[in-house]
Visitor: 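Before I ask anything, let me first share the structure, which is written out below as structure tokens.
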Amino acid sequence: MPGPDGRDLARFVSLFTDDAVMRHRDGVMRLDAREAIEAYYTTRFASYGFTFHYPHAVTISFVSPDEATGLVTGHAEMGVDGELVLASI
């Protein structure tokens, strides 16, 4: 299982550019740069029991020949610190 559900941090982080921004739409979390994303998920992976992520829709908008923005919606089912968590993404 690749990526976050398989705890393959290197593969997951490789999906992001050095200047990537990852944030929750509600403003609860914002990570600026691949290094911050890696640090965040290094800690998060340690608290996960199981995770299943399900993407629903992906939108990519090209701003210029070398810049794009994207939006991914989906949901996750996770065991976090022994509790079942269902999350809208």
Visitor: Rounded at 0.5 Å granularity, tell me how far CZ in Phe50 sits from CD in Glu77.
Guide: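 Answer for the CZ-CD pair, Phe50 versus Glu77, is 7.5 Å.
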Visitor: Between His56 and Ile89, is a side-chain contact (heavy atoms from CB on, under 4.5 Å) present by the stated rule, with each step listed?
Guide: CA-CA 9 Å; His56 295 257; Ile89 305 172; over 6 Å; no
Visitor: Do Val72 and Leu15 share a hydrophobic cluster, counting only Ile, Leu, Val, Met, Phe, Trp and Tyr and linking them when any side-chain heavy atoms are less than 4.5 Å apart?
Guide: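 Each belongs to a different hydrophobic cluster.
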Visitor: I need the Asp5 CG to Tyr54 OH distance, nearest 0.5 Å.
Guide: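 Rounded to the nearest 0.5 Å, the CG-OH separation comes to 8.0 Å.
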Visitor: Which class fits the ring pair Phe12 and Phe45: parallel under 30°, tilted 30 to 60°, perpendicular over 60°?
Guide: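 It falls in the tilted class, 30° to 60°.
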Visitor: Same cluster or not: are Val85 and Tyr41 linked, directly or through other Ile, Leu, Val, Met, Phe, Trp or Tyr residues, by side-chain heavy atoms under 4.5 angstrom apart?
Guide: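 Looking at the clustering, Tyr41 is in the same group as Val85.
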Visitor: Look up atom CD in Glu83 and atom CE in Met78, then write down how far apart they are to the nearest 0.5 Å.
Guide: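 If I round to the nearest 0.5 Å, the distance is 12.5 Å.
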Visitor: Considering non-hydrogen atoms only, spot the tightest contact between Ala20 and Ile37 and give its length.
Guide: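 Heavy-atom minimum between the residues: CB-CD1, 4.1 Å.
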Visitor: Please report the closest heavy-atom contact between Ile60 and Ala68, naming both atoms and the distance.
Guide: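 Shortest heavy-atom contact: CG2-CB, 4.1 Å.
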Visitor: Rounded to the nearest 0.5 Å, how far apart are CE of Met22 and CZ of Arg30?
Guide: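 The distance works out to 12.5 Å.
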Visitor: Please report the shortest heavy-atom distance between Arg7 and Gly49, naming the atom on each side.
Guide: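 Closest approach of Arg7 to Gly49, heavy atoms only: NH2-O, 3.2 Å.
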Visitor: Is Val80 reachable from Val28 through a run of hydrophobic residues whose side-chain heavy atoms are each under 4.5 Å from the next?
Guide: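 Different hydrophobic clusters.
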Visitor: Working to the nearest 0.5 Å, report the span between OG1 of Thr43 and CD of Glu38.
Guide: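 The CD atom of Glu38 is 10.5 Å from OG1 of Thr43, to the nearest 0.5 Å.
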Visitor: State the CG-CZ distance between Asp18 and Arg34, to the nearest 0.5 angstrom.
Guide: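 Going from CG on Asp18 over to CZ on Arg34, the span is 4.5 Å.
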Visitor: Do Val13 and Met29 sit in one hydrophobic cluster, given that two such residues count as connected whenever their side-chain heavy atoms are within less than 4.5 Å of each other, even indirectly?
Guide: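 Yes, Val13 connects to Met29 through the hydrophobic network.
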Visitor: Do you reckon Phe62 sits in the same ILVMFWY cluster as Val21, going by side-chain contacts under 4.5 Å, direct or chained?
Guide: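 Result: no, two separate clusters.
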